[in-house]
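Heads up: the structure comes next, in structure tokens.
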Amino acid sequence: MTVYAFWNNKGGTGKTSLCFQSICFYAHQHPEERILAIDVCPQANLSELFLGGLANDGSAKLLARQGEIPRATIGGYFQQRLPSPYSPPNLSPTDFITRPSHYNPAVPGNIDLVCGDPLLELQANAISTLANNQIPGTNAWLAVVDWIRDLLDPIKDQYDAIFVDCNPSFSIYTQIALSAVDRLILPVMADDSSRRAIQNAFSLVYGLKLPSDIYATYAFATRLKAAERTLPQVHAIAKNRLTQYMGPASAYAAVLRSIDEDVAKLLYSNPEIFTFDDPNDGVVDIRDFQTTGVVAFARGCPLYALQAGRLDVMGHRVSVHEEYRQNCVEAMNDLTSML
């Protein structure tokens, strides 16, 4: 079993859409496997997509799961951990798991979901305080960042692959998520802020190019290594914002090349943080989903199942061109073939 995380230090719906499509494509291509998706993001956009999207009441269905007792979300699980944060819980993971195909028949039936929850933002300060307590004989920080690992331990043999959607901030709940994963998938938009974001990601996760040794003492990588834990490895970098016919648009080409150059340099200086040896094996171009992606996002529908033609989306007629749709499908096949 492999645990993947989709994370970048910038955010946006593009990352969530890519995560949703990747999980659906992987599950569709491996119907004999069981897949678990965990939405560790207070916006919970991934969960809304899995439960039907904007056009099919995904938000209302998510609110219903958040209203369960116990709260059937990642926030509900964290809430159960708060009173006794440093010891493994006596909880049933199934209390926090949803089968999205029961709510949205467009998604594969072999996917389970731990829904996201805005409660994460309210919990963040309390969790951070608990993680930084000084308790003799207890590594409080490690005990807290193991919360998702604790959730998975009783059920990990039931799944063949686990995918985690992470919040762009490097908050404590993001650290809890990243400490439980084996491989990172870094979506990158073709602009200068995304180039900075991916550079920040390497600093935050791996402690590279920190401005002072003072930061190294408290860095995520330092603390995990001190506990003899392995860091997740970068498995794929998905470059987005491409035209349908011309490859990388000229306005973005320089940024895309600079990202390739950054990755090549890191492969040379820190090869241990990657699962690949050559940028060509780990960097994939994802064509811009454009209108096709907007319709798929609104409907909570995998691209391979989306019909071409004029479709109704929230009372508006929108055209999905088959050639564009097929380009999107090919792009997703390229990415999921790497998983």
Short N-O contact, Glu68 and Arg71, less than 4.0 angstrom:
no
For the side chain of Tyr77 and the backbone of Trp147, is there at least one donor-acceptor N/O pair under 3.5 Å apart?
yes
Using salt bridge (charged side-chain N to carboxylate O under 4.0 Å, His left out), reason through Arg65 and Asp117 one step at a time and then give a plain yes or no.
CA-CA 10 Å; Arg65 294 301 284 160; Asp117 196 327; over 6 Å; no
Ile185 and Ser22: side chain to side chain contact (heavy atoms under 4.5 Å, CB included), yes or no, with the steps?
CA-CA 11 Å; Ile185 299 169; Ser22 297; over 6 Å; no
Which heavy atom of Ile148 sits nearest a heavy atom of Ala180, and at what distance?
CG2-CB, 3.8 Å
Is a side-chain donor-acceptor pair under 3.5 Å present for Tyr159 with Glu33?
no
If you count heavy atoms of other groups shown closer than 6.0 angstrom to CD1 of Ile135, is the number above 12?
yes
Min side-chain heavy-atom separation Asp39-Val114 under 4.5 Å
no
Just so I know, are the side chains of Val181 and Tyr4 near enough to count as touching, which here means a heavy-atom distance under 4.5 Å?
no
Non-hydrogen side-chain atoms of Gln29 and Asn333 separated by less than 4.5 Å:
yes
Side-chain H-bond candidate by donor/acceptor type, Asn139 with Tyr86, under 3.5 Å:
no
For Asn56 and Gly300, indicate whether the former's side chain and the latter's backbone hold a donor-acceptor pair under 3.5 Å.
no
Return the CG to CG distance between Leu113 and Leu36, rounded to the nearest 0.5 Å.
8.0 Å
If I compare all heavy atoms of Phe276 with all of Val234, which pair ends up nearest, and what's the gap?
CE2-O, 3.6 Å
Inspect the surroundings of CD in Glu228 and state if more than 12 heavy atoms from other residues, nucleotides or ligands are less than 6.0 Å away.
no
As an exercise, state the distance from NZ of Lys156 to CG of Leu151, rounded to the nearest 0.5 Å.
12.0 Å
Atom of Asp165, atom of Cys19 and distance for their closest heavy-atom approach
CB-SG, 3.8 Å
Take Phe20 and Val107 through the side chain to side chain contact (heavy atoms under 4.5 Å, CB included) test and state the conclusion after the steps.
CA-CA 10 Å; Phe20 170 74; Val107 302; 3.9 Å; yes
Where is the tightest heavy-atom contact between His30 and Asn110, given as atom of each residue plus distance?
O-ND2, 3.1 Å
Donor-acceptor pair, distance only, cut-off 3.5 Å: does the side chain of Thr174 make one with the backbone of Ser169?
yes
With rounding to the nearest 0.5 Å, note down the distance linking CG in Leu46 to CG in Leu18.
11.0 Å
Using modelled atom types only, decide if a donor and an acceptor are shared between the side chain of Thr336 and the backbone of Met332 within a distance under 3.5 Å.
yes
Report yes or no: does Gln123 contribute a side-chain atom to a donor-acceptor pair with the main-chain N or O of Gly75 at less than 3.5 Å?
yes
Inter-residue atom distance Leu303.CG - Tyr324.OH, 0.5 Å rounding:
15.0 Å
Are Tyr173 and Phe78, when compared by the centres of their aromatic rings, separated by less than 6.0 Å?
no
For Pro232 versus Leu184, what's the shortest heavy-atom pair and its separation?
CB-CG, 4.1 Å
With rounding to the nearest 0.5 Å, note down the distance linking CD1 in Ile162 to OG1 in Thr2.
9.5 Å
I'd like to know if Asp150 and Arg81 make a salt bridge, using a cut-off of under 4.0 Å between side-chain N and carboxylate O.
yes
Co-membership, hydrophobic cluster, residues Ile155 and Val164, 4.5 Å side-chain:
yes
Please report the closest heavy-atom contact between Ala72 and Thr98, naming both atoms and the distance.
O-OG1, 4.3 Å
Once you round to the nearest 0.5 Å, how far does CD1 of Ile127 lie from CG of Asn132?
12.0 Å
Ring center gap for Tyr206 and Phe220 short of 6.0 angstrom
no
Donor-acceptor pair, distance only, cut-off 3.5 Å: does the side chain of Gln175 make one with the backbone of Phe170?
yes
Stepwise side chain to side chain contact (heavy atoms under 4.5 Å, CB included) check, Leu266 with Ser269
CA-CA 5 Å; Leu266 286 169; Ser269 62; 4.1 Å; yes
Within a strict 4.5 Å, meaning less than it, do heavy atoms of the Lys61 and Tyr103 side chains meet?
yes
Under a 4.5 Å side-chain heavy-atom rule over Ile, Leu, Val, Met, Phe, Trp and Tyr, are Leu119 and Leu91 clustered together?
no
Donor-acceptor under 3.5 Å (Lys239 side chain, Val188 main chain)
no
Between Ser47 (side chain only) and Gly116 (backbone N and O only), is there a donor and an acceptor less than 3.5 Å apart?
yes
Close side-chain approach of Leu231 and Lys225, heavy atoms under 4.5 Å
yes
Which is it for Cys115 and Leu62 under the side chain to side chain contact (heavy atoms under 4.5 Å, CB included) test, yes or no, and what are the steps along the way?
CA-CA 8 Å; Cys115 293; Leu62 177 60; 3.7 Å; yes
Same cluster for Trp141 and Leu82 if Ile/Leu/Val/Met/Phe/Trp/Tyr side chains link at under 4.5 Å?
yes
Are Leu267 and Ile273 connected in the hydrophobic side-chain network, where two residues link if heavy atoms are under 4.5 Å apart?
yes
Output yes when a side-chain donor or acceptor of His28 lies under 3.5 Å from a complementary backbone atom of Cys24, and no otherwise.
no
Look at the side chain of Asp278 and the backbone N and O of Asn280, then say whether any donor-acceptor pair between them is shorter than 3.5 Å.
yes
Would you say Gln199 and Asp262 are linked by a side-chain donor-acceptor pair, where the criterion is simply a distance under 3.5 Å?
yes
Going by side chain to side chain contact (heavy atoms under 4.5 Å, CB included), Asp334 matches just one of Ile286, Val284, Asp285. Which one?
Val284
Find out if a path of hydrophobic residues (ILVMFWY) with successive side-chain heavy-atom gaps under 4.5 Å connects Ile38 to Met1.
yes
Arg34 pairs by salt bridge (charged side-chain N to carboxylate O under 4.0 Å, His left out) with which of Asp157, Asp112, Asp160?
Asp112
